[in-house]
Amino acid sequence: MCGIVGIVSRREFPASLLLERLKRLEYRGYDSYGYYDGRDVVKAVGPIQTDGRGLTRAGISHTRWATHGGVTVENAHPHASCDGSVTVVHNGIIENFEDLKKGLVRRGHRFTSQTDSEVISHFFEEGLRTKPMRAVVTDFMGAAEGTFAVLLMLRGSDQVYALKRDSPLVLGVAPGMSIVASDIYAFSDLTRRAAFFENDEYAVVRADGFRFFDRRGRPVRRPLRTFPAQQESSVRGTFKHFMMKEILEEPAAVDRLLFSLDHDQKPAFDRLVRLVRRSKKIIFASCGTSYHASLLGAYFLHQVGVENQTLIASEFRHFAKVDGDTLIVALSQSGETMDVIDALKYARECGGRVASLVNVPYSTIQRMSDLSLNLLAGPEVCVASTKAFVSQSAFMLRLAREFGFKVDLSNLSLRIRGLLRRREDIRRIAEPVAAAPDLYVIGRGLTYPVAREIALKIKEISYIHAEGMMGGELKHGTIALIEDGTPVISIINNSDADIVSNTKEVEARGARIIPITNNPVLCRRPGTIAVRTGNDGKFGILAAVAGQLIAYYVADKLGRPIDKPRNLAKSVTVK
Ligand code: F6R
């Protein structure tokens, strides 16, 4: 995944403005970046520095997450054509770039990077020698296989061409300027008015406005829409890391969502409840952390007799049987995860109905859905998802309540706040874990998804090998790995006898147990992370918050980068 931003303004602006906007998308990619201001291409490896000089009326920029070609200045975007007449930034993957490149090389084009994206600028340079832009766009959309959001500028020009297929692209209109970007967070502090691209469309963005066209160059109408306000800022402020800032925002995010489900989003929520009641089969589809939230939700719903299944989206088509009576519910923070999009495409082909819960309004998944609700968690800048998980889980609990799950949600945010206030105690318990090469997190039923989520967070940001598993599975092999001092985080709900017995099994083999529990007797023991709630649903969410704090403190102790862990860009979609 990468982030792109283009600005076209009535007045001259400094290149630093382009980079400031790009910085807001840094969570989409952060190994290198660059911009083009109509005259010069400027590129660098490393985090975005917002010190661009030079005044311009139009510019394009890119923050990269490398897929094709290593992290080098040459491979950073923008990519200019041989004679510099065409410059592009690209998010997506041109799957047939090698074929296209061969043809262009035969016609004398020289490539300077190993990226698939560079082929785009050469393709346009070649085409524009004999044809108008409109015809070359049509040719490109016909010739390119794969996904793309492309911003293209001609040398010396002050307009931007924006092309889209399957990679996110949105055009925001702020006072005096238009901003085309990968998502609304690039400009959500400046405007709430935006036009959303459909696939195989392009826009010509000029200082006096913009026009949309289909792939054949026929004008299409794309009205401006108002998207919901984004409450939290994407600025780290005094926090050492975005991750801690975002964890501390969890109580507010939960309150906002629950309020909205009873007010402005009530009609949509009621419709979802009706769909769940009416559908013969309900399948949740999601990835990573969102999958764990849906698994927790699947548990809540099973407790009240709502048959459902949840699948990891990348395996969806191998395990799901979908027909006209099936409701597929996608959970996705970004709303852009390609595996989820593919699962939904497959579900549609089979005649299923699609609902979704996303954090990014008008994202691809939202627009593919028959019914979609907004998570309203605000921007998640840290790559590791935290407040989105808590809000997704709260949503699932609210849904289960409609079907009879007993829970008082009015004090959920209060309980989270209470736990967060005790974070220094959790730090003391967590820090010794930093010395371990491996650790295990065990749960059962309600706490199994939580165990998986905690292990994922620990792996993702501290790089310690962690396995989150069902306590009952330990004895079927994994227990052989428990040695003297191996940390085992055990999530014990009330006095769940089974997990207590699993905990004793590993303790007998020398494991160092870190209990996360609401059991009053265990809570009194030193080294225990005490969670204050008697309710199953709330315990699941609070235990996960405790796990997020453990992951954070272990990673901080190890001096890991935390907000931008290696080998991971937010939502593993395209580059
Ligand atoms: C982990 C994390 C990922 C995402 C996953 C799905 O902290 O952020 O596991 O949860 O890539 O992303 P979304 O929810 O955007 O579909």
Side-chain angles (χ1 to χ4, degrees), residues 1 3 25 27-30 65 167-168 182-185 241-244 246-247 250 253 284-297 310-316 328-344 354 356-369 372-393 395-396 449-450 452-463 466 468 544-545 547-552 555 560-575:
M1 186 167 75
L25 298 188
Y27 65 87
R28 301 182 62 90
Y30 40 80
W65 184 253
S167 294
S182 300
D183 68 48
I184 56 167
Y185 293 136
H241 300 105
F242 274 107
M243 181 169 176
M244 183 52 85
E246 287 164 8
I247 291 175
E250 286 169 354
F284 291 91
S286 40
C287 298
T289 288
S290 296
Y291 168 71
H292 297 149
S294 72
L295 195 58
L296 192 55
T310 177
L311 290 172
I312 291 183
S314 54
E315 291 293 325
F316 190 87
I328 298 92
V329 186
L331 261 63
S332 173
Q333 189 284 129
S334 61
E336 299 293 349
T337 300
M338 202 47 97
D339 288 331
V340 181
I341 293 171
D342 284 345
L344 298 186
V354 171
S356 62
L357 174 69
V358 300
N359 196 32
V360 181
Y362 296 109
S363 51
T364 304
I365 291 172
Q366 179 153 89
R367 283 179 295 125
M368 286 175 81
S369 307
S372 186
L373 285 108
N374 291 307
L375 192 61
L376 305 177
E380 265 203 334
V381 177
C382 173
V383 168
S385 176
T386 51
K387 61 178 170 168
F389 173 84
V390 168
S391 293
Q392 287 168 331
S393 304
F395 177 90
M396 295 301 281
V450 181
R452 287 189 56 157
E453 175 55 13
I454 295 176
L456 175 64
K457 281 286 102 75
I458 292 173
K459 282 186 278 207
E460 191 179 13
I461 60 165
S462 73
Y463 319 151
V545 175
Q548 292 170 351
L549 291 170
I550 295 177
Y552 177 83
R560 305 296 195 219
I562 297 194
D563 285 337
K564 298 170 184 174
R566 66 183 180 204
N567 299 336
L568 251 185
K570 184 122 205 145
S571 141
V572 191
T573 44
V574 287
K575 68 176 185 168

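Start at 1 and go down the list; that is how both ligands and their atoms are numbered.
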Heavy atom of K457, distance to ligand 1 below 4.0 Å: yes
Could you tell me whether the side chains of E380 and S385 share a donor-acceptor contact shorter than 3.5 Å? yes
Residues passing the side-chain hydrogen bond (donor to acceptor under 3.5 Å, both in side chains) test with S356, sequence neighbours excluded, are S369, S372
If you measure from atom 6 (C) of ligand 1 to every heavy atom of C287, S385, A330, G288, which option wins on shortest distance? C287
I want to check something: taking the side chain as every heavy atom from C-beta on, are Y185 and V360 in contact at a cut-off of under 4.5 Å? yes
For residues S363 and E336, is any side-chain donor paired with an opposing acceptor at under 3.5 Å? no
D563 side chain to F242 main-chain N or O, any donor-acceptor pair under 3.5 Å? yes
Ligand-side contact atoms (ligand 1) for residue partner S290, heavy atom cut-off under 4.0 Å: 10 (O), 13 (P), 14 (O)
Quick one: does V383 get a heavy atom under 4.0 Å from ligand 1? yes
Among Q392, E453, R452, exactly one meets side chain to side chain donor-acceptor pair (under 3.5 Å) together with T289. Which residue is that? E453
Considering only heavy atoms, does T289 approach ligand 1 within less than 4.0 Å through its side chain, its backbone, both, or neither? both
Just which atoms of ligand 1 are under 4.0 Å from any heavy atom in Q333? 13 (P), 14 (O), 15 (O), 16 (O)
Here the atoms of ligand 1 under 4.0 Å from any heavy atom belonging to S334 are 13 (P), 15 (O), 16 (O)
One finds that the ligand 1 atoms under 4.0 Å from a non-hydrogen atom of E460 are 1 (C), 2 (C), 7 (O)
